[in-house]
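Proteins get letters first, then strands, A, B, ... in listed order; numbering begins at 1 in each.
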Number of protein chains: 2
Amino acid sequence: MATMKSAGAGRPGRQPTIIDVAREAHVGVMTVSRVINNYDTVKPVTRAKVMSAIARVGYRPNDAARMLKGMRARMIGFIVPDLSDFFSSCFHAAQKVAMQHDYQTMVVATGRSAAVENRQLDSLGNHRISGLLIVTSGGDGQRLKHLQESGIPVVALDRPVAGLDADAVLVENREGAEQGVRHLIEHGHKSIACVGFDGDVFTVRERIEGYKQAMRAAGLEPQVFADIQSLERMEELVGRWSNTKKKPSAIFAAQRISSIRLIQALHRVGLRVPQDIAVVGFDDFELADVLGTPLTVVSQSPTSLAQSAAELLFKQIEQAQQESGTEHHPAKIIFPTRLILRASCGCSPKA
Amino acid sequence: MATMKSAGAGRPGRQPTIIDVAREAHVGVMTVSRVINNYDTVKPVTRAKVMSAIARVGYRPNDAARMLKGMRARMIGFIVPDLSDFFSSCFHAAQKVAMQHDYQTMVVATGRSAAVENRQLDSLGNHRISGLLIVTSGGDGQRLKHLQESGIPVVALDRPVAGLDADAVLVENREGAEQGVRHLIEHGHKSIACVGFDGDVFTVRERIEGYKQAMRAAGLEPQVFADIQSLERMEELVGRWSNTKKKPSAIFAAQRISSIRLIQALHRVGLRVPQDIAVVGFDDFELADVLGTPLTVVSQSPTSLAQSAAELLFKQIEQAQQESGTEHHPAKIIFPTRLILRASCGCSPKA
DNA sequence: CTGAAAGCGCTAACAT
DNA sequence: ATGTTAGCGCTTTCAG
């Protein structure tokens with residue numbers, strides 16, 4: 001093997017520090033610091049000397065030391081309920097933006113627990129992150145407010161945080177749901193039920209609202225089942241329908257997991273889609289088009305969503321570094337949805 | 001609103017420090033430090049006084065300052081190619097273990113790029129993490145070796161890292177694939193092809209090896225298509241089969257994404273499973289049982305895998321804190337797979 | 001068992 | 001344009 005990289009003239013075995021670099025470059029430590037931080041008051045020749053010295057001794061700035069002086073780490077927090085398909089797409093998009101800015105990303109999945117979210121938020125406070133992207137699990141807005149007040153930009157993703165005045169990047173849940181349900185109504189359905197996995201979640205609440213709006217506008221009676229949290233409960237619900245006469249002729253599934261559970265349950269109970277029952281789901285997924293019956297969905301774009309959010313965040317981070325006085329006026333960005341027609345709604349499958 | 005939490009007797013507006021706590025508790029700073037770090041040389045009464053003072057002033061230790069003194073952050077790194085279904089399950093399991101130890105998790109998705117992996121590995125070096133869990137994207141073993149040598153425990157997950165002697169938690173890829181292929185052979189198939197998304201990846205290579213072994217053991221000719229990286233290429237491949245007479249009668253898909261692409265392609269080209277062509281895939285997924293034809297798979301358990309890996313990691317972290325001299329003897333844990341029979345292999349769907 | 005002093009590596013605030 | 005000094009909050013000596 002080749003010789004180990006020399007640790008410079010300093011103590012052997014230890015990471016080189018700016019002092020080692022300063023010695024090597026025959027300049028003061030402050031000059032080195034200025035080079036590292038891209039101050040423009042360094043003569044190009046000096047800068048070059050320092051740069052070369054940095055490379056020669058293999059110096060890497062010590063984040064801990066900078067943070068001690070009040071600087072924040074080049075790291076953003078990313079808090080989500082879980083890393084299911086949708087949120088992991090969000091993560092990839094956000095991380096991509098972070099990497100472009102040379103930031104790392106610290107991920108926390110709360111497991112959909114507000115308590116865990118709160119606990120982790122407290123932990124995050126100690127890590128001197130530069131900013132936070134959060135899909136809330138219903139945690140405490142106060143904690144976030146404190147973070148904000150202590151100078152950490154926060155952007156809400158997918159859902160607003162109650163009691164927090166922050167940038168938010170959301171989806172047209174209500175309108176999207178309305179459009180999906182309206183499509184079922186246009187197919188002639190009169191009895192349309194709505195199933196959801198967790199009616200407490202903002203996005204689901206909104207979609208259910210959209211569903212109700214569409215139903216009422218058509219003079220139809222909403223039938224909401226907002227908390228079907230397992231395949232078993234879904235089977236129970238669907239089974240009840242298949243046995244009685246008052247089976248709805250169509251169903252709107254308010255989130256991805258509901259669509260999946262619904263399809264699984266329908267499959268097990270032996271109801272055919274769309275002949276026995278038509279289905280439209282909210283949120284698209286990879287396999288939606290190779291299911292027994294390809295699923296019609298209201299689709300959203302997790303990557304654009306998260307990319308916007310991350311860009312908003314870094315805009316704030318950069319501003320915060322310059323002028324700390326100005327009041328930030330929270331931005332709200334709302335992304336539209338798109339109805340993707342496949343077979344489950346009753347449309348004939350087309351090429 | 002209630003009164004803001006007082007910042008103690010120190011400078012108002014700033015986070016309280018151990019000095020504030022010491023003053024409040026009428027003890028020296030060192031005593032406070034000892035309490036925080038659970039030294040057992042503190043009289044219970046003193047400890048109580050300090051604890052109460054800590055609570056009163058709302059003190060939270062400053063990680064940056066501790067790290068300056070050479071301690072590592074209560075944070076582990078988690079590097080993966082992406083956060084697809086499989087790896088996000090891994091993440092959840094690993095984070096759960098980390099949280100139990102009161103550690104945070106820093107996630108990096110490399111996008112399957114060895115270059116990104118290397119770059120991020122360098123970044124990680126500055127963050128003084130306590131340990132690293134890595135599913136390599138083919139990055140440089142040397143960098144990891146340096147991390148290890150600088151005292152950061154590393155555990156390889158799902159794939160070993162070339163040129164690195166570290167704990168590893170793997171899956172019986174070869175045996176699992178063999179079993180899956182053997183099952184197809186038992187169904188009477190003679191012409192069985194194997195498709196993969198990326199033949200360079202360790203796990204896929206191993207599974208292909210298992211496939212070949214099973215084929216050769218039965219005196220059959222292996223037909224490997226190891227780099228079908230898109231739906232288009234898969235459709236092309238499948239289309240070619242449907243037009244000629246030398247169509248294989250069964251296919252073994254070496255990874256999840258291959259199974260999915262294969263099924264999509266088969267669906268588009270109009271080949272029925274298992275009548276026209278039987279399929280067995282490696283790695284189970286949520287919707288495998290509600291596809292047009294429920295998919296038979298060789299399943300692995302991402303959560304047990306990642307949990308073991310995380311536990312191994314924390315075992316090392318704890319050891320490293322105590323005795324730094326002892327040589328670590330790398331552990332290898334290999335998890336078995338399980339063949340889940342559904343309909344795509346030709347078995348009749350059963351209740 | 002407890003305390004006082006000396007830095008860890010860096011940067012803000014002053015020199016020069 | 002560059003150098004010097006004084007800490008940031010904590011823990012590691014070393015003394016009580």
Salt bridge (charged side-chain N to carboxylate O under 4.0 Å, His left out): pairs with one or both residues in residues 120-145 of chain B, sequence neighbours excluded: B:Asp122-B:Arg143, B:Asp140-B:Arg143
With sequence neighbours excluded, residues passing ring pair (Phe, Tyr, Trp, His ring centres under 6.0 Å) with A:Tyr59: none
Atom CD1 of B:Ile19 to atom P of D:dT11: distance rounded to whole Å? 12 Å
Could you go through A:Leu157 and A:Ile134, starting from their C-alpha distance and side-chain angles, then the distance that decides it, and tell me whether this counts as side-chain contact (heavy atoms from CB on, under 4.5 Å)? CA-CA 6 Å; A:Leu157 177 58; A:Ile134 182 168; over 6 Å; no
I need the CG-C1' distance between A:Asn62 and C:dT11, as an integer number of Å. 13 Å
N or O in side chain of B:Asn37 less than 4.0 angstrom from D:dT11 OP1/OP2: yes
Identify, with sequence neighbours excluded, every residue that meets side chain to side chain donor-acceptor pair (under 3.5 Å) alongside A:Ser88. none
Under 4.0 Å from OP1 or OP2 of D:dC10: is there any side-chain N or O of B:Ser33 that close? no
For the helix from C:dC1-D:dG16 to C:dT16-D:dA1, figure out the bend between the end axes, five pairs an end, and round to 10 degrees. 30°
Identify, with sequence neighbours excluded, every residue that meets ring pair (Phe, Tyr, Trp, His ring centres under 6.0 Å) alongside A:His26. none
Output the rounded distance in Å from CG (A:Asp40) to C1' (D:dA1). 12 Å
Look at A:Arg66 and C:dC10 and indicate whether a side-chain polar atom (N or O) is within less than 4.0 Å of OP1 or OP2. no
Out of C:dC8, D:dT2, D:dC8, whichever nucleotide has its closest atom nearest the side chain of A:Thr41: D:dT2
Who pairs with A:Met71 by side chain to side chain contact (heavy atoms under 4.5 Å, CB included), at least two apart in sequence or on another chain? A:Arg66
Could you state the CG-P distance from A:Leu68 to D:dT11, rounded to the nearest angstrom? 11 Å
Short heteroatom pairs, N/O only, protein and nucleotides 3-6 of chain C, under 3.5 Å:
{"unit_1": "C:dG3", "atom_1": "OP1", "unit_2": "B:Gly28", "atom_2": "N", "d": "3.3"}
{"unit_1": "C:dG3", "atom_1": "OP2", "unit_2": "B:Gly28", "atom_2": "N", "d": "2.9"}
{"unit_1": "C:dG3", "atom_1": "OP2", "unit_2": "B:Thr31", "atom_2": "OG1", "d": "2.2"}
{"unit_1": "C:dG3", "atom_1": "N7", "unit_2": "B:Arg34", "atom_2": "NH1", "d": "3.4"}
{"unit_1": "C:dG3", "atom_1": "O6", "unit_2": "B:Arg34", "atom_2": "NH2", "d": "2.5"}

B:Pro61 has a side chain; which of D:dC10, C:dC10, D:dT2 sits nearest to it? D:dC10
The side chain of B:Ile18 is closest to which nucleotide in this list: D:dC10, D:dT2, C:dT2? D:dC10
Any salt bridge (charged side-chain N to carboxylate O under 4.0 Å, His left out) involving residues 25-44 of chain A? Give me the pairs, sequence neighbours left out, ordered by first then second residue. none
Which residues satisfy the side chain to side chain contact (heavy atoms under 4.5 Å, CB included) test with A:Asp82, sequence neighbours excluded? A:Ser84, A:Phe87, A:Arg112, B:His92
Sole residue of B:Leu144, B:Thr136, B:Leu147 in side-chain contact (heavy atoms from CB on, under 4.5 Å) with B:Leu164: B:Leu144
Write down the distance between CG (B:Asp63) and C1' (D:dT11), rounded to a whole number of angstrom. 14 Å
